[in-house]
Structures are given as C-alpha cells and as structure tokens.
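Atoms considered below: every heavy atom in the structure, side chains included; atoms not considered: hydrogens, waters and symmetry mates.
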Amino acid sequence: MMMAAPMSLPVYHYFDLGRLGRGEVVKLFLMDAGIEIEDVRYPYDQTWTESSKKLQQQGITRTRKLPALEYQGLILTQHIPILRFFARHLGRYDGETNVEKFLVDAVSDIYIDWRSEWVANLSDKSEKYKNKIAPEYYNLLDQYYRDHAGPYLLGNSVTYADFAVYQSIDNDERTGTLPLSLPSSLLKFREAFEQRPNIAAYLKDTRLG
C-alpha cells in the first residue's frame, strides 16, 4: 500500500474492457456502497506497455497491473484485497462472526482459483474449461450458497464475495463458457443481486456493454 495525494473523489484506474475483467468487481461494489469515483480507463492494446510504465513511475501501481484505486491518500491495488479493505472500512459487506468471515474469505479464494482458469482459457476456449472446470466451480459454489435460505452467501446480507461470484457468472456468460444450467441457489442469487437498486441502474445502462 503506497501513499497518494488526496483527491476530491477516489480515482479508479482500470482497463477499458466493458463489463469484462476483475476491475468490474470493484466498480460494482463501490456503486452498491454509494461511493462515487472518477473512472479512468486505459486501452488494453499496444499502448498499454508505455501506459503501465508511466503509472508505475507515478506510484499508481508497483506491479504495472490494474486495478488501482486512489482513496483518501492511499493507493489500493489487487481487486479482492480492495474489496476486503472496504468491507472492513465500511463495517459491512463482511461476516459478523469469525465463522462468517471465514466463509466469505473461503469463497473469495475459490473465485480467485476460478479466475486463473478463466483467464488462461480466454485465448483458447478449451472444452476442458467449459465442460469440466466451470461446472465444477459452480457446483462447488452451490455447496456454500445452499447452506442459507437467503439469496446471498450468508443469507440476506450481501458480502464482498458475492460481488466476485456475480462477476464470474457474468463473465462466463459473456465468453460463452457458462454451463447450460446453473444450480438453483446461484440462479436465486443472481436474480437478487441484479435487483439491488444501484446495481440494477448500472446494469440497465450497460446492458449492451
């Protein structure tokens, strides 16, 4: 975590990928929390090598990777740690008990493992990913989501892990790798998540994104 100059609005740096990408998870989270941002986007093309060098020199990213968020004099990086930071900072979007916090962390780690496979599959669209890895991932999530009657991981309270899970479903759908049928617990979750007021407004504006 590096120090940044204070800004009037948090400045969010990410790629111009529409609804794809890990950075979208953070954006959805901040929207749901009612935190306005200045959204700065970068083309992910031949210009990125030079842009990433400049961002590194400016102290925005040590790894030359995004997302990065300038917030209250801090520079926050890595999308899941950013979500955890805000869950703790806001005192919500996390479990209340140690067991609940464990479940949220566990599912977010399962998502991270999925994401590595999804990224590796982007240029290949392998049958192994579509027919084995993705179905196994969603079946594993189902074992966690069906433990509570409510639509979210912990029941009726949304957590930062729910934002990551939603993004995985959305991204698999956009790349044509979502299983033909999802477990009922995840269908219920997706429907409830998309009805959250700030999320619903955003999805309506980006439906064709």
Side-chain angles (χ1 to χ4, degrees), residues 14-32 44 65-67 77-84 87 93-95 100-155 157-196 199-200 202-204 206-209:
Y14 194 57
F15 301 113
D16 188 11
L17 298 174
R19 292 263 301 275
L20 285 176
R22 60 191 176 190
E24 187 72 3
V25 184
V26 176
K27 187 171 182 179
L28 287 174
F29 181 98
L30 296 175
M31 284 185 172
D32 192 83
Y44 192 57
K65 296 179 181 180
L66 298 178
T77 57
Q78 308 296 329
H79 69 302
I80 293 300
I82 290 173
L83 298 186
R84 288 176 176 151
Y93 295 103
D94 201 359
E100 288 181 343
K101 292 177 187 296
F102 162 78
L103 289 172
V104 176
D105 287 346
V107 168
S108 70
D109 281 4
I110 291 170
Y111 156 83
I112 290 171
D113 291 340
W114 162 84
R115 179 160 183 80
S116 295
E117 296 285 356
W118 182 79
V119 170
N121 175 73
L122 274 177
S123 60
D124 187 18
K125 298 293 191 299
S126 70
E127 290 300 311
K128 178 182 178 182
Y129 175 85
K130 186 174 182 179
N131 297 323
K132 184 176 187 297
I133 294 173
E136 288 179 352
Y137 165 68
Y138 293 110
N139 287 335
L140 179 57
L141 290 179
D142 175 52
Q143 295 179 48
Y144 287 89
Y145 275 79
R146 69 187 184 201
D147 281 344
H148 295 90
Y152 303 114
L153 174 62
L154 297 183
S157 299
V158 70
T159 68
Y160 74 82
D162 291 308
F163 288 82
V165 169
Y166 176 78
Q167 186 67 6
S168 66
I169 295 172
D170 185 77
N171 279 188
D172 261 332
E173 184 172 65
R174 289 173 184 276
T175 55
T177 49
L178 189 68
L180 293 178
S181 61
L182 285 177
S184 59
S185 65
L186 297 183
L187 291 174
K188 181 171 67 173
F189 155 70
R190 186 182 191 181
E191 180 180 6
F193 187 89
E194 291 183 342
Q195 290 175 357
R196 297 181 66 80
I199 299 297
Y202 174 65
L203 295 182
K204 182 179 179 180
T206 59
R207 190 59 67 182
L208 300 178

Original post:
Do you see a donor-acceptor pair shorter than 3.5 Å between the side chains of Asp162 and Tyr145?
Top reply: yes
Original post:
Under 4.5 Å between any side-chain heavy atoms of Ser168 and Trp118, yes or no?
Top reply: no
Subject >> side-chain contact (heavy atoms from CB on, under 4.5 Å) involving Asn139 - partner list, sequence neighbours excluded >> reply: Pro183
Original post:
Any side-chain heavy-atom pair from His79 and Gln167 closer than 4.5 angstrom?
Top reply: no
**OP:** Apply ring pair (Phe, Tyr, Trp, His ring centres under 6.0 Å) to Tyr93 and list each qualifying residue two or more places apart in sequence or on a separate chain.
**Re:** Phe29, Phe163
Original post:
Around Tyr152, counting heavy atoms of other residues, nucleotides and ligands shown, do more than 12 lie under 6.0 Å from its OH?
Top reply: yes
**OP:** Using salt bridge (charged side-chain N to carboxylate O under 4.0 Å, His left out) as the criterion, list what pairs up with Lys188, not counting sequence neighbours.
**Re:** none
**OP:** Could you tell me which residues satisfy salt bridge (charged side-chain N to carboxylate O under 4.0 Å, His left out) with Lys128, sequence neighbours excluded, listed by chain and number?
**Re:** none
Subject >> Set of residues satisfying salt bridge (charged side-chain N to carboxylate O under 4.0 Å, His left out) with respect to Asp105, sequence neighbours excluded >> reply: Arg84
Original post:
Is Asn121 reaching over with its side chain to a backbone N or O of Glu117, donor-acceptor style, under 3.5 angstrom?
Top reply: no
Subject >> All salt bridge (charged side-chain N to carboxylate O under 4.0 Å, His left out) counterparts of Lys27, not counting sequence neighbours >> reply: Asp39
Subject >> Between Tyr14 and Glu24, a side-chain donor and acceptor under 3.5 Å >> reply: no
